[in-house]
Amino acid sequence: MLESVPRVSRYTWVRLWPAYALLGSSQAIVWLSDFVAKRSLGAPDWVVPLLLTAFQVSWIFSPALEPLMARQNAQSLFRKIGLLSYLPMLAVAFVAVVPVGPGGAGEGHLVLFLVLMIAHFAIDTAFIPHRGALLTANFPARVRGRMYGLATAISLVCMTLFSKACGSVLDGDPRWLRFLFPLGGLLGLWACFLLARIRWRHGARPAIADGDGMWREVRGTWGNVLTVFRTDRAFFKYEAGYMLYGVGFLMFWPIMVLFAEGDLGLSYGSWTSARGVAWPLGIMVATPFAGRLCDKIGVVRSTALAFALLGSVFASMAFVKTEFGLIAGFAFFGIAMAGVDVGWSLGPLHFAPKGRSRSYAGIHVAMVGVRSLFAPMFGYTMLKEVGFQAACLTAATMVLCGSAVLLLFVPRNAPAA
């Protein structure tokens with residue numbers, strides 16, 4: 001399978017897949033945080049969209065990370081990101097499951113949990129553009145989608161296994177969260193240390209900036225974002241399509257968490273069957289195909305097709321009434337997200353000029369932070385004001401509009417990085 005890829009790609013793959021296996025295991029635990037906050041720590045409904053906002057709002061500062069990261073050694077930077085991002089999760093060991101409300105001491109433990117998880121996601125912002133720079137450096141564009149798809153599939157296998165195990169453990173005793181989240185932190189830290197051992201292809205490492213130049217670049221980062229959007233119209237239109245999709249996605253997620261925990265009354269085991277098994281299995285099955293499709297027809301068209309499928313899935317999930325229906329819906333949700341994830345991860349690398357991949361990835365990540373400022377709470381407001389079905393259909397419409405923008409306005413033959 002690897003004989004047809006370049007030698008540097010084979011070298012990278014052998015060292016990349018174990019790290020992705022660990023990351024998938026860690027994320028299985030991390031991604032339970034919103035359901036844990038609601039089910040076991042007594043969080044009110046509005047905390048779920050607020051948590052999603054807090055997790056991603058720091059991504060707005062991603063463009064400023066480029067000059068900061070450019071001063072670091074590319075390999076050792078993975079270790080620094082891992083230490084700063086995953087060590088806070090170890091402190092979840094001090095979070096107790098206690099009553100919230102009058103006479104209870106749970107508010108302090110809920111706040112501690114939220115602060116620790118927000119700290120994790122705030123620093124993890126730097127991981128995404130730096131990972132993108134490594135993928136660009138060591139995987140040529142003609143095989144990048146395939147190799148990324150395989151790595152993601154391995155990550156999702158581990159996520160599926162760990163999600164179901166965590167659901168069973170927490171259903172038995174929710175106090176086990178004090179062990180599971182520190183375990184997730186250790187696994188993520190281990191993954192970052194493995195990534196730090198991968199040598200970057202000679203001549204492809206980001207340049208190390210001098211101190212004065214670095215701070216000048218930090219001050220000018222958002223001016224650079226506007227410059228890129230003004231001069232690279234294809235990338236601007238691609239981001240416009242992703243913005244519409246992203247608003248729909250971020251509206252939909254808190255709606256579904258609250259519907260599953262409240263209206264359907266799902267246990268941890270049932271929720272992890274949908275979110276932790278059906279969803280990643282759908283992604284896992286479809287990601288290798290999505291990666292190859294991206295290599296064959298291009299990132300623009302493959303992403304547009306993924307958006308169209310996802311919008312249709314969101315519309316159908318507006319009519320879910322049972323646990324089985326939710327699980328089936330999440331399976332198709334995952335299939336659609338396979339193409340979305342490939343486009344999200346590889347799209348900026350496709351448009352970026354040589355040597356600018358981390359900068360473009362930083363801009364792409366920053367746009368997530370922008371829409372996180374309002375989209376989750378907008379979805380929650382619609383849920384409370386007009387109901388579950390209308391909120392889901394609105395989210396579906398936003399995603400379908402994103403597909404239309406990519407198909408109608410983004411050039412298909414923009415040069416690959």
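Just so you know, these numbers use all the heavy atoms, side chains as well, and skip hydrogens, waters and symmetry mates.
- Of the options V57, V257, L250, a side-chain contact (heavy atoms from CB on, under 4.5 Å) to L52 is made by L250 and by none of the others.
- Between the side chain of R39 and the main chain of F35, no donor-acceptor pair closer than 3.5 Å is present.
- Across every non-hydrogen atom of L50 and M377, the tightest pair is N-CE, 4.1 Å.
- In this pair, F249 and Y245 present their aromatic rings tilted. The plane angle is within the 30 to 60° band.
- Centroid-to-centroid, the aromatic rings of F351 and F236 stay 6.0 Å apart or farther.
- Side-chain contact of Y11 with N138: a donor-acceptor pair under 3.5 Å is absent, judged by distance alone.
- Using cut-offs of 30° and 60° on the angle between ring planes, the pair Y86 and H120 is tilted.
- By the neighbour-count criterion of 12 heavy atoms within 6.0 Å, atom CH2 of W253 is densely surrounded, having more than that number from other residues, nucleotides or ligands.
- No more than 12 heavy-atom neighbours from other residues, nucleotides or ligands sit within 6.0 angstrom of CZ on F289.
- A distance-only check finds a donor-acceptor pair linking the side chain of S372 to the backbone of V368 [under 3.5 Å].
- Atom-to-atom distance recorded for M251:CE and T397:OG1 is 9.0 Å, nearest 0.5 angstrom.
- Closest approach of S40 and P174 over heavy atoms only: OG-CB, 3.4 Å.
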Q.
Run the ring-ring contact (aromatic ring centres under 6.0 Å, His included) test on Y360 and F235 for me, step by step, so that the C-alpha distance in whole Å, both residues' side-chain angles and the decisive distance to 0.1 Å come before the verdict.
A. CA-CA 9 Å; Y360 270 55; F235 182 58; 4.6 Å; yes
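- Between H364 and W344, the ring planes are tilted. Angles from 30° to 60° get that label.
- Just one of Y238, F314, Y242 meets the ring-ring contact (aromatic ring centres under 6.0 Å, His included) condition when paired with F307; it is Y242.
- Shortest non-hydrogen contact noted between G339 and A306 is C-CB, 3.6 Å.
- Side-chain atoms of F121 and Q56, non-hydrogen and from C-beta on, never get closer than 4.5 Å to each other.
- K237 contributes no side-chain N or O that, together with a main-chain N or O of L406, makes up a donor-acceptor pair within less than 3.5 Å.
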Q) Could you walk me through whether L326 and M317 pass the side-chain contact (heavy atoms from CB on, under 4.5 Å) check? A) CA-CA 7 Å; L326 186 75; M317 291 182 75; 4.1 Å; yes
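- Closest approach of C294 and V342 over heavy atoms only: CB-CG1, 3.8 Å.
- Using a distance-only test at 3.5 Å, with no hydrogens or angles considered, a donor-acceptor pair links the side chain of S403 to the main chain of A304.
- Within the 4.5 Å cutoff, side-chain heavy atoms of F333 are placed close to those of F252.
- Distance alone, capped at 3.5 Å, places no donor-acceptor pair between the S163 side chain and the T160 backbone.
- Sorted by first then second residue, the ring pair (Phe, Tyr, Trp, His ring centres under 6.0 Å) pairs that include residues 379-403, not counting sequence neighbours, are F259-F388.
- The ring of W271 has its center no closer than 6.0 angstrom to the ring center of Y268.
- Shown are L23, L195, L22; of these, the side-chain contact (heavy atoms from CB on, under 4.5 Å) with W190 is made only by L22.
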**Q.** side-chain contact (heavy atoms from CB on, under 4.5 Å) between K384 and D45, intermediate numbers included
**A.** CA-CA 10 Å; K384 296 300 182 182; D45 286 354; 2.9 Å; yes
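- Between F78 and W200, the ring-plane angle classifies as tilted under the 30° and 60° cut-offs.
- The backbone N or O of G269 sits less than 3.5 Å from a side-chain atom of D171, completing a donor-acceptor pair.
- Considering only heavy atoms from C-beta on, K38 comes within 4.5 Å of L258 through its side chain.
- Atom CZ of F374 has more than 12 neighbouring heavy atoms from other residues, nucleotides or ligands inside a 6.0 Å radius.
- Between the side chain of R178 and the main chain of V95, a donor-acceptor pair closer than 3.5 Å is present.
- Side chain of S316 to backbone of V313: a donor-acceptor contact under 3.5 angstrom is found.
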